[in-house]
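Written below as structure tokens is the structure these notes are about.
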Amino acid sequence: MSVFQSHSVADTVELGKKLGEKLRKGDVVAYFGPMGMGKTAFTHGLAEGLGIDEKNVSSPTFALVHEYRGEKNTLYHFDMYRISGWDDLYSTGFFDYLDNNEILAVEWSENIENALPDNCIRIYFSHGENENDRTIEIIGDIL
């Protein structure tokens with residue numbers, strides 16, 4: 001387990017980039033935490049770290065999943081906020097994505113906890129001391 005303090009969006013993006021540089025095909029990164037914690041900013045950093053030149057990383061709230069392609073990696077960014085059961089989860093195609101050996105970043109993983117792979121990287125986002133501060137806890141042998 002590693003715990004990091006972010007004091008800005010730029011810090012959060014940079015931490016995501018460092019993690020992205022270490023990810024391997026097939027990794028699943030599961031995000032936990034309330035709205036507005038920087039999960040999408042972190043994903044922007046992941047994309048950068050994976051060598052994906054994607055300036056428009058955005059929350060896939062209404063699309064459920066966004067795909068970002070690079071020369072060597074593809075990142076699938078899920079938002080499970082509106083998922084409330086197994087039928088909803090199956091309809092996203094999530095299990096098919098797990099089988100494609102690419103990298104998945106999953107926001108609102110608390111809604112699909114029982115469907116996450118045992119070896120996923122868990123990232124917990126919480127408020128820090130000041131308004132823009134975030135505590136980011138990474139569980140998984142990655143950083």
Side-chain angles (χ1 to χ4, degrees), residues 1-84 88-143:
M1 173 178 68
S2 301
V3 178
F4 301 90
Q5 299 300 316
S6 171
H7 304 290
S8 66
V9 171
D11 286 353
T12 301
V13 170
E14 187 60 30
L15 181 58
K17 182 177 177 181
K18 286 179 183 176
L19 177 64
E21 291 169 349
K22 298 189 179 300
L23 291 176
R24 298 172 308 277
K25 289 191 176 290
D27 282 343
V28 175
V29 182
Y31 301 152
F32 299 84
M35 204 171 291
M37 290 291 101
K39 295 180 286 261
T40 300
F42 192 91
T43 304
H44 181 91
L46 276 183
E48 282 187 38
L50 289 167
I52 298 170
D53 184 24
E54 185 57 56
K55 304 285 189 262
N56 297 315
V57 170
S58 62
S59 179
T61 301
F62 297 104
L64 296 179
V65 64
H66 285 168
E67 177 181 314
Y68 304 108
R69 291 187 174 271
E71 284 185 35
K72 296 180 182 178
N73 295 298
T74 299
L75 173 64
Y76 294 100
H77 181 199
F78 283 87
D79 186 315
M80 299 299 186
Y81 182 74
R82 295 179 293 150
I83 302 303
S84 61
D88 286 347
L89 184 58
Y90 278 109
S91 73
T92 68
F94 178 72
F95 296 105
D96 296 326
Y97 286 92
L98 283 176
D99 292 337
N100 75 7
N101 202 36
E102 294 295 345
I103 298 161
L104 278 59
V106 185
E107 295 192 30
W108 298 100
S109 289
E110 46 271 76
N111 290 348
I112 64 160
E113 182 105 32
N114 293 330
L116 294 170
D118 291 336
N119 64 342
C120 72
I121 299 159
R122 295 170 178 267
I123 303 181
Y124 295 87
F125 294 81
S126 59
H127 287 283
E129 194 171 307
N130 298 308
E131 183 179 342
N132 292 324
D133 293 348
R134 302 292 183 261
T135 299
I136 302 171
E137 180 181 349
I138 300 175
I139 299 174
D141 192 21
I142 194 77
L143 284 181

Which distance, rounded to the nearest 0.5 Å, do you find between the [atom1] of [X] and the [atom2] of [Y]?
{"X": "Asn114", "Y": "Asn111", "atom1": "CG", "atom2": "CG", "value": "11.5 Å"}
{"X": "Ser6", "Y": "Asn132", "atom1": "OG", "atom2": "CG", "value": "9.0 Å"}
{"X": "Leu75", "Y": "Arg69", "atom1": "CG", "atom2": "CZ", "value": "11.0 Å"}
{"X": "Met80", "Y": "Tyr31", "atom1": "CE", "atom2": "OH", "value": "13.0 Å"}
{"X": "His77", "Y": "Thr40", "atom1": "NE2", "atom2": "OG1", "value": "4.5 Å"}
{"X": "Thr12", "Y": "Met37", "atom1": "OG1", "atom2": "CE", "value": "9.5 Å"}

Evaluate the side-chain contact (heavy atoms from CB on, under 4.5 Å) criterion for residues Lys25 and Glu102: first the C-alpha distance (whole Å), next the side-chain angles of each, then the deciding distance (0.1 Å), finally the verdict. CA-CA 5 Å; Lys25 289 191 176 290; Glu102 294 295 345; 3.2 Å; yes
Can you give me the closest heavy-atom contact between [X] and [Y], atom names plus distance?
{"X": "Val9", "Y": "Ala41", "result": "CG1-CB, 4.0 Å"}
{"X": "Met35", "Y": "Trp108", "result": "N-CH2, 3.6 Å"}
{"X": "Leu23", "Y": "Leu50", "result": "CB-CD2, 4.1 Å"}
{"X": "Ala105", "Y": "Leu46", "result": "CB-CD1, 4.0 Å"}

Can you tell if the side chain of [X] reaches within under 4.5 Å of the side chain of [Y], non-hydrogen atoms only?
{"X": "Gln5", "Y": "Thr135", "result": "yes"}
{"X": "Ile112", "Y": "Phe78", "result": "no"}
{"X": "Ile138", "Y": "Phe4", "result": "yes"}

Expected list for residues 91-99: side-chain donor-acceptor pairs under 3.5 angstrom, two or more places apart:
from, atom 1, to, atom 2, distance (Å)
Ser91, OG, Asp88, O, 2.6
Thr92, OG1, Leu89, O, 2.6
Thr92, OG1, Phe94, N, 3.1

Can you tell me if Lys39 uses its side chain to pair, donor with acceptor, with the backbone of Pro34 under 3.5 Å?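 Such a contact is found between Lys39 side chain and Pro34 backbone.
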How far apart are the C-alpha atoms of His66 and Asp79, what are their side-chain angles, what is the distance that settles it, and do they pass the side-chain contact (heavy atoms from CB on, under 4.5 Å) test? CA-CA 9 Å; His66 285 168; Asp79 186 315; over 6 Å; no
Lys17 and Glu21: CA distance, side-chain angles, deciding distance, side-chain contact (heavy atoms from CB on, under 4.5 Å) verdict: CA-CA 6 Å; Lys17 182 177 177 181; Glu21 291 169 349; 3.7 Å; yes
Show which side-chain atoms of residues 115-127 pair as donor or acceptor with protein atoms under 3.5 Å away, not counting sequence neighbours.
from, atom 1, to, atom 2, distance (Å)
Arg122, NH1, Glu113, OE2, 2.6
Arg122, NH2, Glu113, OE2, 3.4

So, using side-chain hydrogen bond (donor to acceptor under 3.5 Å, both in side chains) as the criterion, who are the partners of Glu14 when residues are at least two apart?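 If we apply the side-chain hydrogen bond (donor to acceptor under 3.5 Å, both in side chains) test to Glu14, skipping adjacent residues, there are no hits.
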